[in-house]
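Here the structure is a predicted model, which is why all the values come from computation and not from measurement. Sequence lines set the chain letters: A, B, ... in the order given, protein chains first and strands last, and positions in each chain run from 1.
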2 protein chains.
Amino acid sequence: MGLVLMDKTFNHILEGLKENGIYLTHQRMKIFEYLYKNRNHPTVEMIYKDLIKEMPTLSKTTVYNTMKILMEAGIVKEIPVNSNESRYDILTEEHGHFKCIKCGYIYDFNLNMESLSVEGLDNFIIYDKDVFFKGICSSCF
Amino acid sequence: MGLVLMDKTFNHILEGLKENGIYLTHQRMKIFEYLYKNRNHPTVEMIYKDLIKEMPTLSKTTVYNTMKILMEAGIVKEIPVNSNESRYDILTEEHGHFKCIKCGYIYDFNLNMESLSVEGLDNFIIYDKDVFFKGICSSCF
DNA sequence: TTACAATATTATAATAATTTCAAATATTCA
DNA sequence: TGAATATTTGAAATTATTATAATATTGTAA
């Protein structure tokens with residue numbers, strides 16, 4: 001588990017999935033392609049609405065299943081942006097998320113996680129770190 | 001709006017709510033008391049399950065409504081810990097959250113948000129910053 | 001204190017996101 | 001090809017949250 005995305009191309013990632021015993025079905029490849037091309041932290045609904053145009057029989061359940069599989073493969077993660085629908089992000093370099101409370105858009109921003117000083121987590125194993133800001137973006141300001 | 005919790009006692013906060021024109025009903029006081037005493041990042045369900053013991057007619061809608069009002073008053077906030085139910089936290093000093101993937105418990109930890117170096121948010125107005133870690137806690141390890 | 005107007009609570013119904021399930025379909029590999 | 005296995009699909013079930021309307025409570029002013 002846990003393929004590394006960094007510096008791999010689209011096809012390399014797909015190959016990696018295959019090597020991990022994950023069947024590369026048409027639906028899965030299209031869903032992954034959507035995530036790879038649109039770095040927009042989509043909801044299941046957004047992915048579904050877009051892909052149904054070219055795959056009229058696509059089921060929302062398949063999108064849910066695929067997101068789960070891609071998460072287990074370590075290629076995608078759910079990002080914590082407290083809303084009532086899950087939002088997903090393809091795993092790339094470390095970055096933070098900023099949600100604009102006016103337009104709702106979720107921006108990526110650069111950060112250096114190492115710089116953050118924390119205390120009280122001795123003997124805790126940290127698998128994942130997230131930074132989430134909320135406010136008003138420069139376009140809405 | 002936006003009462004400050006820091007260094008205020010339980011009763012001071014309640015008085016502050018009253019001054020802001022918020023009725024101090026029995027339900028609201030009990031819900032606030034729960035949040036004040038149990039710093040456990042509860043879900044609506046957790047609050048409801050606990051309080052129904054002493055208030056048999058309590059409605060879940062009231063818990064939802066009260067959380068909303070306390071958030072608008074700036075006393076409580078929703079914390080981003082991506083799951084499908086909202087979790088709330090009483091506003092205190094700045095801290096991060098760590099969720100153990102084994103026991104599910106959400107720990108607070110100290111951090112210095114100022115130390116985090118970020119870039120790409122020029123002309124963005126930041127209202128709120130959250131840091132969320134996931135992993136295995138020292139008890140489960 | 002009483003009456004009134006404003007606001008809150010409650011139970012129920014409605015909505016929305018997600019999960020589960022079983023049948024139909026597709027894929028793999030011998 | 002054909003059997004075994006895995007995936008996709010659509011429908012139904014579940015869970016979290018919001019809306020509605022009746023009832024109850026609160027604060028204010030006579």
Side-chain angles (χ1 to χ4, degrees), chain A residues 14-15 17-34 41-73 75-88 104 106, chain B residues 1 14-34 41-73 75-88 104 106:
Chain A
L14 288 181
E15 274 168 36
L17 284 170
K18 203 167 186 176
E19 281 160 21
N20 270 34
I22 295 167
Y23 290 5
L24 296 184
T25 63
H26 184 53
Q27 290 86 339
R28 286 177 181 173
M29 288 191 285
K30 278 296 183 183
I31 290 168
F32 177 65
E33 190 188 3
Y34 177 96
H41 321 95
T43 61
V44 161
E45 184 70 20
M46 287 161 74
I47 300 168
Y48 176 76
K49 279 252 178 73
D50 190 81
L51 294 181
I52 195 126
K53 293 176 201 161
E54 8 167 10
M55 305 168 71
T57 70
L58 180 66
S59 148
K60 228 180 246 186
T61 305
T62 297
V63 182
Y64 277 107
N65 288 341
T66 302
M67 297 318 290
K68 195 177 169 192
I69 278 169
L70 294 177
M71 283 196 286
E72 283 164 3
I75 282 180
V76 157
K77 70 174 219 171
E78 206 179 327
I79 57 171
V81 292
N82 57 2
S83 85
N84 28 4
E85 1 174 51
S86 296
R87 285 183 171 267
Y88 303 91
I106 296 167
Chain B
M1 307 289 118
L14 288 182
E15 275 169 35
L17 283 171
K18 204 167 186 174
E19 282 161 18
N20 271 33
I22 295 167
Y23 287 7
L24 295 184
T25 63
H26 185 51
Q27 291 87 337
R28 287 177 178 173
M29 287 191 286
K30 279 296 182 183
I31 291 168
F32 177 65
E33 189 189 5
Y34 177 96
H41 321 95
T43 61
V44 161
E45 185 70 18
M46 287 162 74
I47 301 167
Y48 176 76
K49 279 254 177 74
D50 190 82
L51 293 182
I52 194 123
K53 294 175 199 159
E54 6 166 11
M55 305 168 71
T57 70
L58 180 67
S59 147
K60 224 179 253 186
T61 306
T62 297
V63 182
Y64 277 105
N65 288 340
T66 302
M67 297 319 289
K68 196 177 169 190
I69 277 169
L70 293 177
M71 283 196 288
E72 283 165 2
I75 282 179
V76 158
K77 70 173 221 171
E78 206 177 327
I79 57 170
V81 293
N82 64 333
S83 88
N84 23 6
E85 23 178 29
S86 297
R87 285 183 172 269
Y88 302 91
I106 296 168

Checklist entry - side-chain contact (heavy atoms from CB on, under 4.5 Å) between A:Leu58 and A:Lys30: does it pass, once the steps are laid out? => result CA-CA 10 Å; A:Leu58 180 66; A:Lys30 278 296 183 183; over 6 Å; no
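- A straight line from CD of A:Glu19 to P of C:dT28 spans 15 Å, rounded to a whole angstrom.
- A:Ile31 places its CD1 atom 12 Å from the C1' atom of D:dT7, with the value rounded to the nearest Å.
- Residues A:Met46 and A:Arg87 form a side-chain contact, since some pair of their non-hydrogen atoms from C-beta on lies under 4.5 Å apart.
- Within the 4.0 angstrom heavy-atom criterion, no nucleotide atom of any strand lies near B:Thr43.
- Recorded end-axis angle for the helix from C:dT1-D:dA30 to C:dA30-D:dT1 stands at 30°, based on five pairs per end and rounded to 10 degrees.
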Checklist outcome for this item: Each nucleotide of nucleotides 14-28 of chain D classed B (base within 4.0 Å of a protein heavy atom), S (only sugar-phosphate) or -, in 5' to 3' order, makes --SBBB-------S-
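- For the pair A:Lys49 and A:Ile52, the minimum side-chain heavy-atom distance is 4.5 Å or more.
- Contact detail for A:Asn82 and B:Pro80: the closest heavy-atom pair is N-CB, 3.8 Å.
- Atom CE in A:Met29 sits roughly 13 Å away from atom C1' in C:dA26 (whole-Å rounding).
- Pairs passing the ring-ring contact (aromatic ring centres under 6.0 Å, His included) check and including a residue from residues 41-60 of chain B, sequence neighbours excluded, read B:His41-B:His97.
- One can place CE of B:Met55 at 12 Å from C1' of C:dA8, the figure rounded to the nearest angstrom.
- One finds no side-chain N or O of A:Ser59 lying less than 4.0 angstrom from the OP1 or OP2 phosphate oxygen of D:dT8.
- Going from atom NZ of A:Lys30 over to atom P of D:dT9 covers 14 Å, rounded to whole Å.
- Between B:Arg28 and B:Leu70, the closest side-chain pair of non-hydrogen atoms is not below 4.5 Å.
- Distance, A:Ile22 CD1 to C:dT27 P: 17 Å, rounded to whole Å.
- Taking each heavy atom of A:Thr62 and A:Ile31 in turn, the nearest pair found is O-CD1, 4.2 Å.
- Between the CD atom of B:Glu72 and the C1' atom of C:dA8 there is a distance of 14 Å, rounded to whole Å.
- Atom CZ of A:Arg28 is separated from atom P of C:dT28 by 11 Å (rounded to the nearest Å).
- By the 4.5 Å heavy-atom criterion applied to side chains, A:Val76 and A:Phe32 are not counted as neighbours.
- Considering only heavy atoms from C-beta on, A:Leu17 comes within 4.5 Å of A:Leu14 through its side chain.
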